Participant: 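Next up is a structure, given as structure tokens.
In this chain, residues are counted from 1 in sequence order. Remember, it's a predicted structure, so these values are computed and weren't measured experimentally.
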Amino acid sequence: MLLVAVLLPLVTDPVVHGNVGLVVSGAMGLVALSVAVLIRIRGLAAFGFRRARPRHLLVGALLGLVAYVLGTIAAIVYMVATGGVQNVQESYQAAAAGGGLSLAFALVAGAVITPLGEEGFFRGVVANALLARYGAWVGVLASAGVFAVAHGINPIMPAAFVVGVLTAILFRWSGSVWPGVVLHGVNNATALLIPLIVELVAA
């Protein structure tokens with residue numbers, strides 16, 4: 001994360017910056033998951049990489065849309081309460097608006113790679129451990145809090161908390177990270193596409 005904090009600002013093109021940032025978000029989670037797997041010397045199934053039932057995946061997709069709406073409301077409340085109105089996802093939105101190829105890359109990076117890495121670590125490792133040790137309430141809320149703070153103290157933090165709560169609940173219910181990956185992917189894809197659609201309609 002420190003390496004990213006130093007190197008990512010050196011990428012000046014906003015489209016490239018956004019796409020690189022999305023890939024890195026997922027890559028960091030996958031690296032952290034890999035370290036946990038090596039330390040624990042367990043298979044991926046122990047971290048929730050198990051087959052999910054179709055109904056769990058469908059619920060994940062529907063909750064992805066719910067998470068986007070609730071997360072947007074939470075972010076607005078945060079901005080009104082704190083006066084912090086910075087758009088910390090501006091580069092991601094620039095990547096989505098950078099043409100067809102850039103949009104396709106941003107969707108793969110933001111709706112597949114990032115959810116896979118972040119769900120693998122934050123649910124498969126963090127929530128998994130907290131749920132087993134402290135039970136449902138602490139496991140869900142504490143893991144969501146860790147996930148939210150990892151996104152920084154900014155308007156995205158409350159939105160990330162919403163995603164963290166819903167994906168942790170899904171993980172506990174299904175025993176698999178895949179419904180959370182679907183939820184996370186739908187949420188991220190919606191967050192990339194809605195500003196683009198609004199901009200196109202306004203033009």
Side-chain angles (χ1 to χ4, degrees), residues 1-35 49 60-61 63-65 67-69 71-72 74-75 78-79 84-126 146-164 166-167 177-178 180-203:
M1 289 180 72
L2 288 172
L3 190 62
V4 170
V6 171
L7 295 181
L8 199 55
L10 299 179
V11 181
T12 55
D13 185 306
V15 173
V16 176
H17 186 280
N19 279 319
V20 170
L22 288 168
V23 171
V24 166
S25 294
M28 286 192 297
L30 290 172
V31 168
L33 171 64
S34 300
V35 171
F49 284 88
L63 285 178
L65 298 174
Y68 175 75
V69 173
T72 300
Y78 176 94
M79 288 187 285
V85 295
Q86 73 273 28
N87 181 3
V88 296
Q89 294 194 319
E90 186 175 1
S91 64
Y92 299 158
Q93 292 163 2
L101 186 60
S102 181
L103 173 60
F105 190 90
L107 286 172
V108 170
V112 179
I113 298 173
T114 295
L116 182 59
E118 292 188 347
E119 291 307 308
F121 178 66
F122 287 103
R123 254 55 68 186
V125 178
V126 178
V146 171
F147 180 64
V149 172
H151 283 74
I153 310 300
N154 55 58
I156 295 303
M157 183 177 68
F161 183 77
V162 170
V163 171
L166 294 177
T167 51
V177 298
W178 294 116
V181 170
V182 171
L183 184 157
H184 202 147
V186 169
N187 174 79
N188 286 8
T190 306
L192 287 171
L193 291 173
I194 290 296
L196 184 60
I197 293 169
V198 169
E199 185 178 330
L200 289 174
V201 170

Participant: With a 4.5 Å heavy-atom cut-off, do His151 and Glu118 have their side chains touching?
Facilitator: yes

Participant: Measure the spacing between CG of Leu116 and CG of Leu30 and express it to the nearest 0.5 Å.
Facilitator: 5.0 Å

Participant: When you compare the side chain of Trp178 with that of Glu119, does any pair of heavy atoms fall below 4.5 Å?
Facilitator: no

Participant: Looking at every heavy atom in both Ala191 and Pro195, which two are closest together, and how far apart are they?
Facilitator: O-CD, 3.0 Å

Participant: State, with a plain yes or no, whether a side-chain heavy atom of Phe121 is found less than 4.5 Å away from one of Ser34.
Facilitator: no

Participant: Are the side chain of Asn188 and the backbone of Gly110 linked by a donor-acceptor contact shorter than 3.5 Å?
Facilitator: yes

Participant: Indicate the atoms forming the closest heavy-atom contact of Ala159 with Ala74, along with that distance.
Facilitator: N-CB, 4.5 Å

Participant: Distance check, rounded to the nearest 0.5 Å: Asn154 atom CG versus Tyr78 atom OH?
Facilitator: 6.0 Å

Participant: Heavy atoms, side chains only, cut-off 4.5 Å: are Phe49 and Val177 in contact?
Facilitator: yes

Participant: Centres of the Phe147 and His184 rings: under 6.0 Å?
Facilitator: yes

Participant: Could you pull out the closest heavy-atom pair between Ser102 and Val15, with the gap in Å?
Facilitator: OG-CG1, 3.1 Å

Participant: Is any side-chain heavy atom of Thr114 closer than 4.5 Å to a side-chain heavy atom of Val23?
Facilitator: no

Participant: Enter the distance from Leu192:CG to Leu103:CG here, rounded to the nearest 0.5 Å.
Facilitator: 8.0 Å

Participant: What is the minimum heavy-atom distance between Ala148 and Ala160, and which atoms define it?
Facilitator: CA-CB, 3.9 Å

Participant: So among Val163, Val186, Ile194, which one has a side chain to side chain contact (heavy atoms under 4.5 Å, CB included) with Tyr68?
Facilitator: Ile194

Participant: To the nearest 0.5 Å, tell me how far Leu107 CG sits from Leu193 CG.
Facilitator: 5.0 Å

Participant: How long is the gap from CD on Gln93 to CD on Glu199, to the nearest 0.5 Å?
Facilitator: 9.0 Å

Participant: Tell me, yes or no, whether the heavy-atom count around Leu101 atom CG, taken from other residues, nucleotides or ligands under 6.0 Å, exceeds 12.
Facilitator: no

Participant: Just verifying a value: how many Å separate Leu196 CG and Leu200 CG, rounded to the nearest 0.5 Å?
Facilitator: 4.5 Å

Participant: Can you name the closest pair of heavy atoms from Gly152 and Met157 and give their distance?
Facilitator: O-CB, 3.3 Å

Participant: Might you point out which heavy atoms bring Ala111 and Ala189 nearest each other, and give the distance in Å?
Facilitator: CB-CB, 4.0 Å

